[in-house]
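Sequence lines set the chain letters: A, B, ... in the order given, protein chains first and strands last, and positions in each chain run from 1.
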Amino acid sequence: MEDYVLEAKGITKRFPLAGVIALSNISFHVKKGEILGLIGENGAGKSTLLKILNGVYTYGNYEGELFHEGRPVRFRSSHDAMKQGLGYVPQEINVMEDLTVAENVFVGHLNEDSRKKSFRMGELNRRAQRFLSEHHFALDPAQVVNTMSIGQKQLLMVAKAISWNPSILVLDEPTTALSQADVENLFAIVRQLKSKGTSVIFVTHKLEEIFELTDRVTILRDGKVINTYGRDQYDRDRIICDMVGREITNLYPERHVAIGEEILKVEHLTVLDPRIQNRNIVEDVSFTLRRGECLGFVGLVGAGRTETISALFGCYRDYSAKVAINGQPVEIRSEADAIAHGINILTEDRKMNGLLLLNNIRFNVVMSNLKKIMNSNGLLSRTKEDEESNKYMRKLHIKAPSNTMMVANLSGGNQQKVVMAKALHSDPRILLLDEPTKGIDVGSKQEIYEIINELLGEGISIIMISSELPELIGMCDRFIVLSHGKLVAEIDKEEATQETLMSACFM
Amino acid sequence: MTEQKARSDALVKFFLTPEVTSIIPVVVVAVAATVLNPIFLRSSNLLTLASSLIASWGLLAIGQSFIIISGGLDISIGTTLSFAGMLFCFLARSYQPLFLCILAVVAVCLTMSMLNAMLILKFNVTPFVATMSVSYVSKGLANVVNYGADMSLAYGVRDSVLRFCDVFSVKPLGVSIGAFTFIFLILFSQFILQKTAFGRKIYAVGDNPRVARIAGIRVARVRAACFLISGLLTALTTILWVGYYSGCTPTQGNPWSLITIAAASMGGISLKGGTGSMFGLLCGVILMALVYNLITLLNVDANIQNIFIGVFLVLSLVLDTIRREKTLGKNI
């Protein structure tokens, strides 16, 4: 009992307004110096559980008890949780861009002696240097954060959490934005922490990471603990089955679509960097897309993949290209132009760029083409609006009691399907998908893949960006590799393996 | 226990519905007014209320609501009205024909609203700061017109202007033309918001401009159109008011900017944009008008009146946040 650093007993969390029980009777524990994996689909209740552990949902907003080193704890705020020894690294990058690494690490306790009110920069830097090298972080204390890469920022957030000397550290999907090298770096740091006796809760979607890093794994589904396995019991199929509640035989469903004639031709696409003068984020990229084809864009973060499709969708003013659709040259100067030419997009960040969060499913779905829900007199028709939105809810299997449910109250996978429905509502012939399965569980992923196949079968052409190579290899017919804004390789399905694609990225 | 909690939550949600939250204080204030001063319930008082208060800044509040729902804010409409009104009187007293006076009013209001739109949409100035600055321009101009003094249209003007004043101070059924216009425009605006593509786009733009843009909506155009509507309504209000009042003072509309914001906000039109209805606004306008009327009946010092507007604005902002948290969760 005493060697449980953290124990949760009977945690239940209800959201009465949404009529949802997010967590029901969750119990689990973490031992000293152990790395516990926490895995589950979106909507399984992971985020809710983390918010309770981290003091976002304060004591009284949930039922059940938390025990920290044997004593019951009731967090009053995130800061309170942190002071009591619970470190938390959120999924989103959350750093103060204009401050230095040292200031970011020690914000909130800039002085070792809390009674002192002033501090010296030099002293802070030296202290940060000691701290960072002790924990093997390859970060420069004096560097200003906005010059760092996403991977470095992620490490910085971990460093910040560790600086409070937590007895337990919670990492929420820390590898989403990281390159392979950064991931290994992070894992090394986590193992180091473990060897020093710190416990870690590692939340992820990626099974590989569970296998590589964790000592035990707890699987959540529908707000319940389904199973907990020790390292010796790890079994891929069993864990997936527990997560999804059914067996997934083939993650990437088969597709029998005849690829047709060339529908899109892009030549010499060049996009100026909106932030840095005299630099191109995309330089002289040319490619074609055929009817019913799924074209994959491969590249590291910052290679210019998103920028390429954003330019194609008319998001940039400063770009040049020769674009032809069905052999006809077209001029795309705005998002409205792109939609008029039969292009639509599924953006990467659905909360920021995808959803109208103050509104319901119906409102969101019909937004991209209001003409379709108009009566002959030019006024909007509630009946047509209902028909259209219900049609997409059925087609994309959006799980909600009705089309008037607020999108803010949907789970991630369902939100993504609403964004997809919104794009499809404009009847696109070309669909641009930017990380369509990011932050989505295995079950929803497979559903999205099936939807993609269905769309290709209807003759829609798709360009897909994904940071998960297995997903791209499983879904795409052809690959274009981008590196530093330039097209460096074009690879056919037959030759595509993780190795060939990855090595092309570094050419 | 949980069933009870669910019931109390449903109750909370009911009371947070914009129309309900603004009608309750309306009733409370009305009852208080009747108790404190029985004159309140007399039809003459209620008609005055409808005629002067609601008709004047109520129309402005409609324009303000369009702007707020689209994600903007305009604290210059009141001062624009002051300037446009003074200009009307100045031209009329210079024996200019009526149509020129009206034309000048429309030109001034549209220029000011387009100036706001340009500052906000083209030069990326925060709506608050942009319209605040513009309001100082029109505030100054209003004082320049007649050296800070009031102007009357009762004499020294062309016959057409006199007739105009006669027509607009007529009260069919005891209520001013402005009040009828107000009711009509509330209904019409609600129709636009609810039934037309343009109305739908206003909500989308106010909710999240980036998402709206990706959905193919020309965001700047929609937001500029809202300012244009507000400009036109300001012009209309100016004309109606000058006709009703047969004159203007250089500070006539100055307090109205904030009152319209308070009314919209009390009526459930969130100052963060993207939500609210004209029926909610109607409740908010009636509430603010009642409060004003009560203050007048009780002979409260004019300086204290400001405190009331302030308190109601603060109250409505708090309500707005609670409403969001209850319907959308704390993460928004």
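Within 6.0 Å of CE on Met114(B) lie more than 12 heavy atoms contributed by other residues, nucleotides or ligands. With a 6.0 Å radius and a threshold of 12 heavy atoms from other residues, nucleotides or ligands, Arg76(A) has its CZ atom at or below the threshold.
Proximity to chain B is limited to the side chain of Ile339(A), based on heavy atoms less than 4.5 angstrom apart. The contact between Met374(A) and chain B is made entirely by side chain atoms (from C-beta outward), counting heavy-atom distances below 4.5 Å. Using a 4.5 Å cut-off between heavy atoms, Arg218(B) contacts chain A through its side chain alone, with no backbone atom that close. For Thr347(A), the part sitting under 4.5 Å from any heavy atom of chain B is the side chain, from C-beta outward, and nothing else. Looking at Asn375(A), neither its backbone nor its side chain comes within 4.5 Å of chain B, counting heavy atoms on both sides. Residue contact with chain A, scored on non-hydrogen atoms closer than 4.5 Å, is absent for Lys272(B). Heavy atoms of Leu380(A) lying under 4.5 Å from chain B belong to its backbone as well as its side chain. For Val366(A), the part sitting under 4.5 Å from any heavy atom of chain B is the side chain, from C-beta outward, and nothing else.
Contact count against chain A (heavy-atom pairs under 4.5 Å) is highest for Lys195(B) among Arg210(B), Lys195(B), Lys201(B). Note: Leu355(A) leads Asn344(A), Asn369(A), Leu355(A), Asn364(A) in heavy-atom pairs under 4.5 Å with chain B.
Classification of the Phe188(B)-Phe191(B) ring pair by plane angle, with boundaries at 30° and 60°, yields parallel.
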Q: Take Leu185(B) and Leu236(B) through the side-chain contact (heavy atoms from CB on, under 4.5 Å) test and state the conclusion after the steps.
A: CA-CA 11 Å; Leu185(B) 282 175; Leu236(B) 180 65; 3.9 Å; yes
Q | side-chain hydrogen bond (donor to acceptor under 3.5 Å, both in side chains) evaluation trace for Ser76(B) with Asn116(B) | A | CA-CA 9 Å; Ser76(B) 72; Asn116(B) 282 325; 3.0 Å; yes
Q. What's the verdict on side-chain contact (heavy atoms from CB on, under 4.5 Å) for Val365(A) and Asn403(A), showing C-alpha distance, side-chain angles and the deciding distance?
A. CA-CA 9 Å; Val365(A) 170; Asn403(A) 63 11; over 6 Å; no
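Screening Asp386(A), Thr404(A), Asn390(A) for a side-chain hydrogen bond (donor to acceptor under 3.5 Å, both in side chains) with Arg362(A), the sole residue that qualifies is Asp386(A).
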